Amino acid sequence: MSEVVSYQLKGNIGVIVVNSPPVNALSQSVREGILNAVNQAQEDNSEVIVLRCDGRTFIAGADITEFGKPPRAPGLPEVLSAIENSSKPVIAAIHGTALGGGFEVSLACHYRCAIASAKVGLPEVKLGLLPGAGGTQRVPRLAGVKAALGMITGGNPIPAPKAKDMGLIDEVLTGEDVESSAIAYAQELHRTSAPLKRVRDITIDPDTVEAGFFDEARARLAKRARGQIAQDRIVSCLEAAVSLPIDEGLARERELFGELVTSPESAAMRHIFFAERQAAKIKGLPKGTATRDIKKVAIIGGGTMGGGIAMCFAGVGIPVVLVEVDDAALERGLGIIRKNYSITVQKGKLSEDKMERLISTISGTTNYDDIADVDLVIEAVFENLNLKKEIFAKLDSVCKAGAILATNTSYQDVDAIAAATGRPQDVVGMHFFSPANVMKLLEVVQGDRTADDALATAMAIGKKIGKVCALSGVCYGFIGNRMLGGYGREAQMLLLDGCTPTQVDSALEKFGMAMGPLAMGDLAGLDVGYKAREARTDLPDDPKLYRMGTLLVEMGRFGQKTGSGFYTYDPETRRRQSDPEIESLIKTEATKLGVERREVTEDEILARCFYPLINEGAKILEEGIAQRPSDIDVVYVFGYAFPVAKGGPMFYADQVGLKNVYDKICEFRDRYGEQYWRPAPLLEQLAKEGKTFAEWDRERSLA
Ligand code: 3H9
C-alpha cells in the first residue's frame with residue numbers, strides 16, 4: 001500500500017507494519033502510510049488492529065531531518081487522531097525503542113504491548129525540544145505528574161517491565177517475536193471484549209500535585225539548564241495537563257513545541273545529534289571494513305586513568321587484566337577500582353552483587369607474559385615518551401600477532417611510539433578523558449601506519465564501551481588539548497587586564513560551560529599545567545604568560561587538593577570562594593608588568609577565551625587532523641563540557657559569523673601581538689568568502 005507502510009488482514013486482525021530503515025522515523029511518507037492504513041482498517045473485516053515495525057526498532061521518533069523545513073501533510077496530530085478515534089481497538093506492538101513521536105503514536109493507541117527487551121522514552125529534551133504530539137499530556141494521565149516530569153525532563157528510555165509498572169504500557173509480551181505475540185494478545189483482548197481505552201479520557205486529580213510543585217521543579221531544573229530552555233517549557237506543559245482540558249493542553253504543547261523547534265538551542269542540539277553519529281564514520285574507510293575480535297583486554301598502568309579504563313571494559317563484560325610494576329602498585333590500583341564501585345553502591349546506583357561481578361572481571365598481574373593472549377592492550381602510564389617506547393617494545397615481544405596496541409597518551413607522538421614496535425600497523429591512540437569511566441569522549445588517534453581494520457576496531461570497541469568516538473590525526477595534544485592551549489592562556493591574561501577570577505569563570509559559566517577555566521585549573525591541579533609548561537620549549541618568552549598560574553604554584557597553592565589556588569575552598573563542601581589576597585596580588589603583578597588594568601566586558605571574556613579555540617580548530621581542519629568541523633564540536637561537547645545548547649565551538653563560530661570572529665582576532669593581534677593571535681588561513685579565507693565552516697565542509701565533501 002505504500003513503500004514504507006503495509007497493511008494486511010490476518011484472520012480478524014489487521015496488521016499495519018512500518019518498514020522505513022534505519023529507525024522507522026515518522027517521515028511524511030510514514031505518517032501518510034499509517035493514516036491510510038488506519039482508515040483502510042476501518043472499512044474491512046478486521047476486529048482489532050496491530051501496529052508494529054520491521055527492522056531493529058519500533059518508531060524512533062519524528063524524522064529529525066524534517067525539522068526546520070516547511071511542514072508537509074499529514075501532520076502527526078492528524079495521524080494520532082485517526083488512531084485514537086478508530087472504531088476498532090488499535091494496539092501498538094513495541095520492540096527495540098519506541099521513542100519521542102514513536103512512543104506518542106503508541107500513546108494514542110488503545111493498548112500498548114512490548115517484548116521484554118523493548119524500551120520506551122521521550123528523549124526530545126536531548127534535542128532541545130519537548131514531546132510535541134501529546135506526550136506531555138498523555139504520560140501524566142497514565143503515570144502521574146511526578147513520574148511524567150522525571151521521564152520527560154530526563155529523556156532516558158525506560159525498560160518495558162518498568163514501563164508496565166508505571167502504567168505506561170499494558171502488557172509485557174512473553175515471546176520475542178513481536179507480531180505473533182501481539183496477535184495473541186490482540187485475540188485475548190477481543191475475546192474479553194476489552195473496551196476502546198483512550199488515554200485522553202483519563203482525568204488528572206489536581207490534588208495529587210502538591211502546592212509549589214511546579215515552581216520547585218522549575219527552580220531545580222534551571223540550575224542545570226546551561227542555556228537550555230526546554231526543561232522550563234516541559235514544566236509549563238505539565239502544568240497545562242493538570243489545569244486544562246486535554247485539547248487545550250495539547251494546543252499549549254504544540255505552541256511551546258513550535259517555539260522550541262525554531263530555537264537556536266534546539267538547532268545546536270540537533271547538530272550535535274547528527275555530528276555524534278557522523279564522527280563515528282572514518283572518511284576513506286569503506287563501510288563494513290572488518291574489525292578484529294576483542295574478547296580480552298590488558299591495561300598497562302593501574303593509576304586513576306588505567307583503573308577508569310578497566311572499569312569501562314568490565315562494564316560491558318570484557319575481561320581486563322591490569323598490569324603494574326609491582327605488587328604494591330597493583331594492590332593500590334585494584335583498591336582504587338573497588339573504592340570507585342563502592343561509592344556507586346553507597347549511592348544506591350549499583351547492587352553489591354553486580355559490584356562483585358564487575359570486580360571479578362578485572363584481574364591483575366606484574367608479569368607481561370600473562371597478557372600474551374589479549375586482543376587489545378591500552379597503555380596508560382604517565383606522559384614520558386621513553387617509558388612509553390620501552391613499554392611498546394615489550395608489548396611487541398609478548399603480545400600475540402594481530403593484537404591491537406593502543407596508547408592513551410594525551411600529548412606524545414603516536415608514530416614515535418609505534419616505531420618502537422615491529423608492527424606499527426597495529427598501533428593506535430585511544431585517548432580517554434578523566435575520569436575515564438564517566439567521560440563520554442574517546443579520541444581515536446590514527447598514526448601514519450595504523451591499519452584500517454585496527455582503526456575501525458578502535459572506533460567499534462569505543463562505541464561498545466559507551467564512548468562517543470572522534471578521529472584525530474597525530475599532533476601535539478590531538479584535537480581537544482591542542483585547541484585548549486589558547487583558552488587557558490587567555491583566561492589568565494584577562495586577570496592581568498582587569499578581571500577577577502570570578503568574573504572570568506562566571507562569564508563562561510553563564511555561557512553554559514560546566515566550569516570556568518580557572519576553577520577547572522584548580523580542580524585539575526595547577527601544578528600539572530606548571531610541570532607541562534616547564535617541559536615545553538615552544539612557548540613565547542613573555543613574563544605575562546601564565547603569570548598567575550605560575551605564581552600560585554610557587555606559593556604552594558595547587559588548587560583544590562591544597563585547599564587553595566585561584567580560589568580558596570571550603571574543606572567540607574569544596575565550594576569555591578573568591579580570595580581577596582589573590583585579587584590584590586593580581587593587581588600588584590599587573591602593575592609590576594606594566595599592564596594597565598581596565599573594565600573588561602563579558603563579551604570580551606568570551607571572545608578572548610573562545611576565539612583561540614576556534615582559530616586553532618581552523619588550523620586543525622586545514623592540516624587534516626580533524627575530519628570535519630562537526631567532529632571538533634563533538635570533541636568539545638563530550639570531552640570538555642562545552643554547552644550542547646551552543647553546538648560546539650565550530651558551530652558556535654558559524655552562528656557568530658566567521659567574519660566577526662576573524663575581525664576580532666585581527667583586533668586582538670594588533671593589541672596583543674602575533675605570537676598569540678595569528679588568524680588561521682582557513683578562517684581568513686572563509687571570512688572573506690562569507691562562508692561558514694559547515695558550508696566549507698559540505699562543498700569539500702561534494703567536490
Ligand atoms: C520527536 O519525536 C518530536 C515529537 O515529539 C513531536 C513531533 C511533532 N530522525 O543512532 P543510530 C538516524 S523528536 C532521523 O546510529 P542506533 C541516525 O542519524 C525525535 N534520523 O542507531 C543514523 O543515521 P546514519 C525523538 C534518525 O541503533 C541512523 O538513523 N527521537 C533518527 O545506535 C541510525 O542511528 C529521538 O530523539 C530520527 N529520529 O540507535 C531518537 N534517529 O546511519 C533518536 C536516528 O546516516 N534516535 N536517525 O548516521 C536514537 O536515539 C537512536 O538513533 C536509536 C537507535 C536509539 C533509535
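Please read these numbers as outputs of a predicted model, since none were measured by experiment. Both ligands and their constituent atoms are indexed starting at 1 by order of listing.
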(message) Distance alone, cut at 3.5 Å: any donor-acceptor contact between the side chains of Arg357 and Thr361?
(response) no

(request) Answer yes if the side chains of Lys119 and Asn156 hold a donor-acceptor pair under 3.5 Å, and no otherwise. (result) no

(request) Among all protein heavy atoms, pick the one closest to atom 13 (S) of ligand 1 and tell me residue, atom and distance. (result) Glu124 CG, 3.8 Å

(message) If you measure every N or O of Thr65 against every N or O of ligand 1, does any of those distances drop under 3.5 Å?
(response) no

(request) Check whether the side chains of Ser29 and Glu3 place a donor and an acceptor atom closer than 3.5 Å, and report yes or no. (result) no

(message) Tell me whether Phe257 has any N or O atom under 3.5 angstrom from an N or O of ligand 1.
(response) no

(request) Give the atoms of ligand 1, by number and element, whose distance to some non-hydrogen atom of Lys281 is under 4.0 Å. (result) 24 (P), 42 (O), 45 (O), 48 (O)

(request) Consider every N or O of Val23 and every N or O of ligand 1, then say whether any pair is closer than 3.5 Å. (result) no

(request) Working to the nearest 0.5 Å, report the span between CD1 of Ile234 and CD of Glu253. (result) 10.0 Å

(request) Using non-hydrogen atoms of the residue, decide whether Pro22 is closer than 4.0 angstrom to ligand 1. (result) yes

(request) Please work out whether any backbone atom (N, CA, C, O) or any side-chain heavy atom from C-beta onward of Leu26 is under 4.0 Å from ligand 1, and answer side chain, backbone, both or neither. (result) neither

(request) Test salt bridge (charged side-chain N to carboxylate O under 4.0 Å, His left out) on Arg628 and Asp633 and set out the steps. (result) CA-CA 9 Å; Arg628 337 171 161 86; Asp633 291 332; over 6 Å; no

(request) Output the list of atoms in ligand 1 that are nearer than 4.0 Å to some heavy atom of Glu104, sorted by atom number. (result) 4 (C), 5 (O), 6 (C)

(request) Take every heavy atom of Leu127, measure it against each atom of ligand 1, and state whether any distance is under 4.0 Å. (result) yes

(request) Say whether Gly132, considering both its backbone and side-chain N or O atoms, lies within less than 3.5 Å of an N or O atom on ligand 1. (result) yes

(request) Give a yes or no on whether a salt bridge exists between Asp201 and Arg141, defined as a side-chain N under 4.0 angstrom from a carboxylate O. (result) no

(message) Out of all atoms in ligand 1, which are within 4.0 Å of some heavy atom of Asp63? Include the element for each.
(response) 9 (N), 14 (C)

(request) May I ask you to identify, for Ala60, whether its side chain, its backbone, both or neither come under 4.0 Å of ligand 1 on a heavy-atom basis? (result) both

(request) Classify the contact between Lys463 and ligand 1 as side chain, backbone, both or neither, using a heavy-atom distance cut-off of under 4.0 Å. (result) side chain

(message) If we ignore hydrogens and angles and just use 3.5 Å, is the side chain of Glu699 paired with the main-chain N or O of Trp696 as donor and acceptor?
(response) no

(message) Heavy-atom count check: over 12 atoms from other residues, nucleotides or ligands less than 6.0 Å from Lys146 NZ?
(response) no

(request) Have a look at ligand 1 and work out which part of Lys126, if any, has a heavy atom under 4.0 Å from it: side chain, backbone, both or neither. (result) neither

(message) I need the nearest protein heavy-atom contact for atom 9 (N) of ligand 1: residue, atom name and distance, please.
(response) Ile64 N, 3.0 Å

(message) At under 4.0 Å between heavy atoms, is it the side chain or the backbone of Gln278 that contacts ligand 1, or both, or neither?
(response) neither

